[in-house]
Trainee: 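Once you've had a glance at the structure underneath, I'll fire off some questions.
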Amino acid sequence: MAEKKQEFDVEKALARIEEINSELGKSGTSLKQSLELYKEGVKLAEECKNHLEGVEKEIQILNGDE
């Protein structure tokens, strides 16, 4: 049976980015931990961008703009 791909949740991703931002602002965060958090944030931001671009294309198609 084919595995169902989980739909990307922009709201959860944005909430996680906010958490990461908060963690990076703490003075006790180590350099290694900061780098890992930064990488995660960049990945999530890219996924959000890609998802939203896809949504934008869908809207353009529905509106007959394409």
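In this chain, residues are counted from 1 in sequence order. None of the values given here were measured: they were computed from a predicted structure.
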Trainee: Give me the atom names and distance for the closest heavy-atom approach of Leu37 to Ile20.
Mentor: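 It is O-CG2, 3.4 Å.
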Trainee: Could you list the residues that satisfy salt bridge (Lys or Arg N to Asp or Glu O under 4.0 Å) with Lys12, not counting sequence neighbours?
Mentor: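 Per chain and number, Lys12 pairs via salt bridge (Lys or Arg N to Asp or Glu O under 4.0 Å) with no residue.
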Trainee: After noting the C-alpha distance and the side-chain angles of Val55 and Val10, does the key distance pass the side-chain contact (heavy atoms from CB on, under 4.5 Å) rule?
Mentor: CA-CA 11 Å; Val55 170; Val10 174; over 6 Å; no
Trainee: Which residue pairs pass the ring pair (Phe, Tyr, Trp, His ring centres under 6.0 Å) test with at least one member in residues 9-33, sequence neighbours excluded?
Mentor: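 For residues 9-33, and leaving out neighbouring residues, there are no ring pair (Phe, Tyr, Trp, His ring centres under 6.0 Å) pairs at all.
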Trainee: Quick one: closest heavy-atom pair of Ser34 and Thr29, and the distance?
Mentor: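 Shortest heavy-atom separation between Ser34 and Thr29 comes out as OG-CG2, 3.2 Å.
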Trainee: Does Glu23 have any side chain to side chain donor-acceptor pair (under 3.5 Å) partners at least two apart in sequence or in another chain, and if so, which?
Mentor: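 Counting only residues at least two positions away or on another chain, Glu23 forms a side chain to side chain donor-acceptor pair (under 3.5 Å) with Lys26.
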Trainee: Tell me the ring pair (Phe, Tyr, Trp, His ring centres under 6.0 Å) pairs involving residues 25-50, sequence neighbours left out?
Mentor: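 Checked against ring pair (Phe, Tyr, Trp, His ring centres under 6.0 Å) - neighbours excluded - no pair reaches residues 25-50.
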Trainee: With sequence neighbours excluded, what pairs up with Glu40 under the salt bridge (Lys or Arg N to Asp or Glu O under 4.0 Å) test?
Mentor: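 In terms of salt bridge (Lys or Arg N to Asp or Glu O under 4.0 Å), with neighbours along the sequence ignored, Glu40 is linked to Arg16.
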Trainee: When clusters are formed by joining ILVMFWY residues with side-chain heavy atoms under 4.5 Å apart, either directly or through shared neighbours, do Leu35 and Val42 land in the same one?
Mentor: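 Unlinked, Leu35 and Val42 end up in two clusters.
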Trainee: List, one per line, each side-chain donor-acceptor pair under 3.5 Å for residues 46-53, sequence neighbours excluded.
Mentor:
residue: Lys49; atom: NZ; partner: Glu53; partner atom: OE2; Å: 3.4
residue: Asn50; atom: ND2; partner: Glu46; partner atom: O; Å: 3.4

